[in-house]
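Data first, discussion second: the structure below is written as structure tokens.
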Amino acid sequence: MRVTVFTEPHRGADYEDQLRFAQAVEAGGFDGFFRADHYQSMGDAGLPGPTDAWLTLAALARETSRIRLGTLVTSATFRLPGPLAVMVAQVDRMSGGRVELGIGAGWYEREHTSYGIPFPAVGERFDRLAEQLEIITGLWRTPAGQTYSHAGDHYRLVDAPALPKPVQVPGPPVIVGGRGPKRTPELAARYADEFNMPFKSVEETAAAYERVREACDRTGRAESGRAPLVLSAGVVVAIGRTDAEARHRAAPLHVKSALPPEDPVVGSPAQLVDRLGEFAAIGATRVHLRLIDFSDLDHLELIAAEVLPQLDGTR
């Protein structure tokens, strides 16, 4: 089981907060540092305000040496696919080949309205996501010296030089995830390297995995020679050495938010180990642990000391 740490800087974290946390993630033996890509908090003010995901990851690429770096998830509404492919490839080169692109259709209308970002209806957002996935992976896979073109309903590229090339071949791993029962599994089967089910129960996650496996069979993923999808789960975590410590860390989970209901682990390190074992039993080989407080390095150190050593493949 590979274990990454997932953070939400839009809740309130500047670059220095994220740098300190990412370096602690690396020192603690975790697999990676991932962050949300949002321009606005869903609840309180989120001071000091948003930081751009890919600007931040570019800087972290030069300040870390081992951990994987990525987004869960970049919104397809925020950026055009050609420039996004360039950005991610550049950060991959800056990191020496440690970047992953989690990408989704976008869902939080309020941040779009606040910053003047178009927010189409859900069907169009998924259509745009599908084209973006095709374009981004197509640009990365185009051999050096050749060009890439695309004529779609929403994007048109003509003789793009498809540069720069990322370090990872054929490109950085792509993560597609979510609760959608139809289009999300199909897009993951066609374009992704990892399918992620975020912050739901083991039972709900198992059902999502089955839908994705069926989509892989329908699309002939195995017959095409592509590697099987990595199955991952997002887990909201608030653990402590005592019940009181765990409850204190869980307090932000009770604040009103636009997020859908989640299934957090609140309790002891042993409870988190048990939950990760349940996810492993349904096929997950990677988990993204969502930690809330950037100033709480002790929470991170507790997981590193008392959870990671009990999981195969984390050290």
Side-chain angles (χ1 to χ4, degrees), residues 1-9 11 13 17-36 60 64-70 72 98 100 102 173 175 177 194-206 208-209 230-254 262-315:
M1 179 71 75
R2 292 182 294 148
V3 181
T4 78
V5 174
F6 168 66
T7 63
E8 296 182 318
R11 289 176 177 262
D17 296 324
Q18 294 172 74
L19 172 60
R20 181 171 55 251
F21 208 77
Q23 290 178 331
V25 166
E26 184 160 86
F30 293 88
D31 182 60
F33 173 89
F34 283 69
R35 57 156 288 166
L60 294 178
T64 58
S65 61
R66 180 189 59 79
I67 50 173
R68 307 292 296 176
L69 300 167
L72 288 175
R98 295 183 285 121
E100 305 186 25
I175 305 170
E194 176 178 329
F195 172 79
N196 175 255
M197 182 61 165
F199 318 125
K200 305 301 283 185
S201 70
V202 175
E203 293 75 19
E204 291 171 292
T205 302
Y209 288 174
V230 172
L231 299 177
S232 69
V235 185
V236 182
V237 175
I239 65 170
R241 296 172 183 85
T242 65
D243 290 343
E245 189 174 75
R247 287 195 300 270
H248 174 75
R249 287 184 169 132
L253 301 177
H254 304 299
E262 300 167 331
D263 189 34
V265 176
V266 179
S268 67
Q271 287 174 272
L272 179 55
V273 171
D274 289 344
R275 177 71 63 86
L276 300 188
E278 292 172 356
F279 279 119
I282 64 170
T285 58
R286 193 184 204 192
V287 291
H288 304 280
L289 305 182
R290 195 181 96 197
L291 304 186
I292 299 169
D293 187 353
F294 275 92
S295 67
D296 191 359
L297 297 183
D298 181 66
H299 197 191
L300 195 66
E301 292 164 1
L302 177 62
I303 297 170
E306 299 194 22
V307 176
L308 293 193
Q310 301 187 58
L311 307 175
D312 291 338
T314 58
R315 288 179 179 267

Could you tell me whether the side chain of Arg249 and the main chain of Ile239 form a donor-acceptor pair under 3.5 Å?
yes
Kindly indicate whether the side chain of Glu306, heavy atoms from C-beta on, has any atom under 4.5 Å from the side chain of Val273.
no
Quick one: do the Arg20 and Ser295 side chains pair a donor with an acceptor below 3.5 Å?
no
For the residue pair Pro264 and Val237, establish whether any side-chain heavy-atom pair is separated by less than 4.5 Å.
no
Quick one, Asp263 and Phe199 - any side-chain contact, counting heavy atoms below 4.5 Å?
no
Pick from Leu289, Asp31, Ile303, Val235: which one makes a side chain to side chain contact (heavy atoms under 4.5 Å, CB included) with Val3?
Leu289
Salt bridge or not between Glu8 and Arg290? Use side-chain N to carboxylate O under 4.0 Å.
yes
Which heavy-atom pair separates Gly28 from Ala304 by the least distance, and what is that distance?
O-CB, 3.5 Å
Is there a side-chain contact between Thr64 and Val25 (heavy atoms, below 4.5 Å)?
no
Verdict with reasoning, Ile67 to Val5, per side-chain contact (heavy atoms from CB on, under 4.5 Å)
CA-CA 10 Å; Ile67 50 173; Val5 174; over 6 Å; no
side-chain contact (heavy atoms from CB on, under 4.5 Å) evaluation trace for Val307 with Leu276:
CA-CA 10 Å; Val307 176; Leu276 300 188; 4.3 Å; yes
Pair Phe34 and Phe6, ring centroids less than 6.0 Å apart:
no
How long is the span from the CG atom in Leu231 to the CE atom in Met197, to the nearest 0.5 Å?
12.0 Å
To the nearest 0.5 Å, what is the distance between CG (Asp293) and CG (Asp298)?
11.0 Å
Between CD of Glu194 and CG of Leu72, what distance do you get to the nearest 0.5 Å?
7.5 Å
Donor-acceptor pair, side chain of Tyr209 and main chain of Ser232, under 3.5 angstrom
yes
Please step through side-chain contact (heavy atoms from CB on, under 4.5 Å) for the pair Val287 and Thr4, ending with a clear verdict.
CA-CA 6 Å; Val287 291; Thr4 78; over 6 Å; no
So which heavy atom on Ala238 is nearest to which on Ala246, and how close?
O-CB, 3.7 Å
Once rounded to the nearest 0.5 Å, what's the spacing between atom OG of Ser201 and atom CZ of Arg275?
8.0 Å
Would you call Arg68 and Phe33 a side-chain contact if the rule is heavy atoms closer than 4.5 Å?
no
Answer whether the closest heavy-atom distance between the side chains of Pro9 and Phe294 falls below 4.5 Å.
yes
Note: Glu100-Arg286 ion pair, threshold 4.0 Å (strictly below)
yes
Answer yes or no: is there a side-chain heavy-atom contact under 4.5 Å between Leu291 and Asp296?
no
Please report the shortest heavy-atom distance between Ile282 and Ala206, naming the atom on each side.
CD1-N, 3.7 Å
Is it the case that the side chains of Thr242 and Glu245 hold a donor-acceptor pair, with the cut-off being a distance below 3.5 Å and no angle test?
no
Backbone N/O of Glu26 and side chain of Arg66: donor-acceptor pair under 3.5 Å:
yes
Between Asn196 and His288, the two heavy atoms sitting closest are ND2-CD2, 3.4 Å
What's the separation between atom CG in Leu302 and atom OG in Ser268, rounded to the nearest 0.5 Å?
9.5 Å
So which heavy atom on Ala24 is nearest to which on Leu297, and how close?
CB-CD2, 4.1 Å
Side chain proximity check, Val230 to Phe195, heavy atoms < 4.5 angstrom:
no
Applying side-chain contact (heavy atoms from CB on, under 4.5 Å), run through His299 and Ile292 and close with a yes or a no.
CA-CA 10 Å; His299 197 191; Ile292 299 169; over 6 Å; no
